[in-house]
2 protein chains.
Amino acid sequence: MAASPAAGTGGSRREQILTVAAQLFAKHGFHGVSIADLGAAVGVSGPALYRHFPGKEALLAEMLVGISEHLLAGGQARACASDDPREVLAALVEFQADFALREPELIVVQDRDLANLPAEARRRVRRLQRTYVEIWVDTLQRVHPGLTAESARIAAHGAFGLLNSTPHIAPGPLGAGRSEGRPHAAAALLSRMALAALMDLPG
Amino acid sequence: MAASPAAGTGGSRREQILTVAAQLFAKHGFHGVSIADLGAAVGVSGPALYRHFPGKEALLAEMLVGISEHLLAGGQARACASDDPREVLAALVEFQADFALREPELIVVQDRDLANLPAEARRRVRRLQRTYVEIWVDTLQRVHPGLTAESARIAAHGAFGLLNSTPHIAPGPLGAGRSEGRPHAAAALLSRMALAALMDLPG
DNA sequence: CGCCCCGGTTAACGCCTGTTAACTGGCTCC
DNA sequence: GGAGCCAGTTAACAGGCGTTAACCGGGGCG
């Protein structure tokens, strides 16, 4: 009735589609993946996807809005967790690094296919992203009192670029393994770099 | 005869097409721009482009190969310009920052639409990129003797992500103006961040 | 038992796109 | 002044795409 079927798996088909779509979109781009491809990848064929999503763009919208909301929520949680802006900054960096390393496909799709969203969803994602960036800007300005907001914004975007470089790492000894247990060496390295860059700012 | 027509303008139509294509591809993605759109944007209509390029993919190929060659050439020049690895590193950072700030569309297209290249061109671009990265890796290892090649590669990609974040900067006081004369404050800020990150590496 | 909705199928439609064909005005060069 | 190429044009084609329509098996429930 009100509850989704198979609550234990959490509406598995929908989530399976979103997961697979993220991988395919990351590899071939939104327009490079057809509905038929997507269906084939989850084991059904073609128009079956319309039983779960009203259209291809809606699927992308749900994916990108979900990412933005997740990042914003995580950012807000870290921002409220401490009064020391340096601690907050370190937590933000670690959070972003962890996400970027765990979900590189989402990182790729988010900034590559934003333009393919329908206008309304695009505005929504942009707003969420802006709010997330403002958390970083505020924190940076509290760490560096003389820093202008413009400079802080550039620095924040730079840090994102640094931390989100994970998709460019060829799978190898350091970056390898989706194993979530132990701390990744790559995440540690990138976090360290980001903190060094962000602590050295003028002001 | 052997010389291209209008050597003074350097085959202006071809270059105009490439420039406009870069802007459109950066905004809408390779598959999001039709040949007709492209023609309209340069003032001709549709199939006229086939007088200058054998096809849409070939156009993209020429663009991406050109970028990779330009970056590699610039990188090799900086690498040979000094014996002090720190000076080389600083020069590499400045070179990349300058390019990223001057040609943000090319930055976007290069890593977003690599997958849309025909196989042969893609391999060629990948090879050029790998060679460019190796310059950075070598330089980093000379600055930090204990650094492994894997770590250096991750650090290099991270630095690229940081420096290439320029397309995400909303046009504003710091990032504004294609005016090439005075040094951009944004470029200086990003270069400083990148150097701080790269000098702090372990090893 | 029979109803009905959920999630799937295949067939078909219409649009858009890359590409080719056929044709044409103008500029250069002999 | 005519030949020929260069850079355009419009018309047409074939293929692929997102989307819709029509149909159907199966499991839960009254």
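Below, chains carry the letters A, B, ... as their sequence lines are ordered, and counting in each starts from 1.
If you check C:dG7, D:dT9, C:dT10 against the side chain of A:His52, the one that comes closest is C:dG7.
A donor-acceptor pair under 3.5 Å is formed between the side chain of B:Arg122 and the backbone N or O of B:Leu117.
Scanning all heavy atoms of the two residues, the minimum distance from A:Ser165 to B:His157 falls at CB-O, 3.5 Å.
Here the P atom of nucleotide C:dG7 and the CD atom of A:Gln16 are 13 Å apart, to the nearest Å. Going from atom CG of A:Leu49 over to atom P of C:dC6 covers 17 Å, rounded to whole Å. What separates CG of B:Asn116 from C1' of C:dT17 is a distance of 15 Å, to the nearest Å. When rounded to the nearest whole Å, the span between CD1 of B:Ile17 and C1' of D:dA7 equals 10 Å.
Take B:Ile35 and apply the side-chain contact (heavy atoms from CB on, under 4.5 Å) test, not counting sequence neighbours, and it matches B:Leu49, B:Tyr50, B:Lys56.
A:Glu134 contributes atom CD, which lies 8.5 Å from atom CD of A:Gln141 (distance to the nearest 0.5 angstrom).
Listed by first then second residue, pairs satisfying ring-ring contact (aromatic ring centres under 6.0 Å, His included) with a partner in residues 23-46 of chain B read B:Phe25-B:Phe30, not counting sequence neighbours.
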Once base and sugar-phosphate atoms are separated, protein heavy atoms under 4.0 Å mark nucleotides 13-25 of chain D, 5' to 3', with B, S and - as ----SSBB-B---
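Between B:Arg124 and B:Glu69 a salt bridge is recorded (basic side-chain N to carboxylate O distance below 4.0 Å).
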